K.L.:
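Structure provided below as structure tokens; questions to follow.
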Amino acid sequence: NGLSTIPATTFECTPVVSTIWLDNNNLTELSPRLFHGLTELSWVDLSYNQLSRIDPDTFVGLGKLRSLDLSGNNFTNMAHVAPALASLPALLWQRLDENPFVYLGPESFPSPVMHANELDISRAHIRVVEE
């Protein structure tokens with residue numbers, strides 16, 4: 001696919017969807033309300049797009065989201081991702097590998113991420129790690 005944008009209302013008539021694959025597109029941003037109302041969503045694959053930050057409200061209300069794949073995007077700082085992940089209490093599996101991260105700091109891992117069973121940040125370019 002070559003999607004570069006997805007309208008905010010795209011999924012509003014599909015509240016029982018449990019899995020969404022949007023990988024291998026050209027998405028540079030996501031509407032904060034894109035996944036609003038998808039209360040059954042448990043898996044989202046946004047890998048291999050052009051995302052560099054995610055709005056903190058993007059995943060609000062996705063209490064059943066257990067797996068999130070953000071690998072192969074353009075994230076350089078976890079602070080541009082972490083606030084959006086803070087609203088995911090059920091998150092168990094998270095891929096962030098193959099992103100050009102250069103910085104990890106104390107704000108990089110909010111509580112739900114710290115409790116994930118699997119967190120993959122391999123093949124990054126991390127140069128600075130702060131306590």
Side-chain angles (χ1 to χ4, degrees):
N1 297 327
L3 297 174
S4 57
T5 60
I6 300 174
T9 57
T10 300
F11 302 115
E12 85 181 6
C13 293
T14 58
V16 295
V17 168
S18 63
T19 304
I20 293 179
W21 286 278
L22 292 168
D23 56 308
N24 292 295
N25 281 291
N26 294 312
L27 299 172
T28 57
E29 63 182 336
L30 302 171
S31 167
R33 299 188 47 81
L34 182 61
F35 303 113
H36 180 74
L38 299 179
T39 56
E40 300 301 313
L41 198 58
S42 63
W43 180 290
V44 175
D45 187 342
L46 291 162
S47 62
Y48 301 98
N49 278 285
Q50 304 299 318
L51 300 169
S52 60
R53 56 180 56 244
I54 296 180
D55 186 279
D57 295 331
T58 300
F59 302 119
V60 169
L62 302 183
K64 294 183 180 179
L65 190 66
R66 299 171 61 84
S67 300
L68 179 62
D69 192 342
L70 295 169
S71 57
N73 277 284
N74 291 324
F75 300 113
T76 57
N77 187 329
M78 270 299 288
H80 299 157
V81 182
L85 304 180
S87 65
L88 298 172
L91 190 63
L92 295 176
W93 182 82
Q94 179 181 338
R95 284 191 63 194
L96 283 157
D97 57 304
E98 296 186 48
N99 276 287
F101 288 115
V102 294
Y103 171 82
L104 294 177
E107 72 286 354
S108 296
F109 301 102
S111 180
V113 177
M114 291 173 59
H115 295 91
N117 286 349
E118 183 176 327
L119 172 63
D120 185 349
I121 54 172
S122 62
R123 294 181 299 268
H125 305 282
I126 301 168
R127 285 184 240 141
V128 178
V129 178
E130 293 181 2
E131 289 186 37

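Keep in mind that what you see is a predicted model, and the values were worked out from it rather than measured.
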K.L.:
At their closest point, which heavy atom of Gln50 faces which heavy atom of Asn74, and how far apart are they?
P.N.:
OE1-ND2, 3.0 Å

K.L.:
Quick check for you: to the nearest 0.5 Å, what is the distance between Leu34 atom CG and Leu27 atom CG?
P.N.:
8.5 Å

K.L.:
Within the 4.5 Å heavy-atom criterion, are Gln94 and Leu88 side-chain neighbours or not?
P.N.:
no

K.L.:
Has the side chain of Asn99 got a donor or acceptor atom that lies under 3.5 Å from a matching backbone atom of Phe101?
P.N.:
no

K.L.:
List the atom of Ala90, the atom of Gly63, and the distance in Å for their closest heavy-atom pair.
P.N.:
CB-O, 3.2 Å

K.L.:
Kindly write out the residues that satisfy side chain to side chain contact (heavy atoms under 4.5 Å, CB included) with Asn24, not counting sequence neighbours, or none if the list is empty.
P.N.:
Tyr48

K.L.:
Are any of the side-chain heavy atoms of Ile6 and Asn25 separated by less than 4.5 Å?
P.N.:
no

K.L.:
What donor-acceptor contacts under 3.5 angstrom involve side-chain atoms of residues 9-22, with partners at least two apart or in another chain?
P.N.:
residue: Thr10; atom: OG1; partner: Pro7; partner atom: O; Å: 2.7
residue: Thr14; atom: OG1; partner: Phe11; partner atom: O; Å: 2.8

K.L.:
Would you give the length of the straight line joining atom CG of Asp23 to atom CG of Leu46, rounded to the nearest 0.5 angstrom?
P.N.:
8.5 Å

K.L.:
Hey, does Phe59 have a side-chain heavy atom less than 4.5 Å from the side chain of Leu41?
P.N.:
no

K.L.:
Tell me, yes or no, whether the heavy-atom count around Glu29 atom CD, taken from other residues, nucleotides or ligands under 6.0 Å, exceeds 12.
P.N.:
no

K.L.:
Could you state the interatomic distance from OG (Ser67) to CZ (Arg95), rounded to the nearest 0.5 Å?
P.N.:
11.0 Å

K.L.:
What are the two closest non-hydrogen atoms of Ala84 and Ile54, and how far apart are they?
P.N.:
CB-CG2, 3.6 Å

K.L.:
Please name the residue in the list Thr58, Asn73, Leu70, Leu68 that meets the side chain to side chain contact (heavy atoms under 4.5 Å, CB included) test with Val81.
P.N.:
Leu70

K.L.:
Sub-3.5 Å donor-acceptor pair from the side chain of Asn77 to the main-chain atoms of Ala79, do we have one?
P.N.:
yes

K.L.:
Could you tell me whether the side chain of Val60 reaches within less than 4.5 Å of the side chain of Phe35, counting heavy atoms only?
P.N.:
no

K.L.:
How long is the span from the NZ atom in Lys64 to the CG atom in Leu38, to the nearest 0.5 Å?
P.N.:
12.0 Å

K.L.:
What's the separation between atom CG in Asp97 and atom CZ in Arg123, rounded to the nearest 0.5 Å?
P.N.:
4.5 Å

K.L.:
Which atoms form the tightest heavy-atom contact between Ser52 and His80, and what is the distance?
P.N.:
O-CB, 3.6 Å

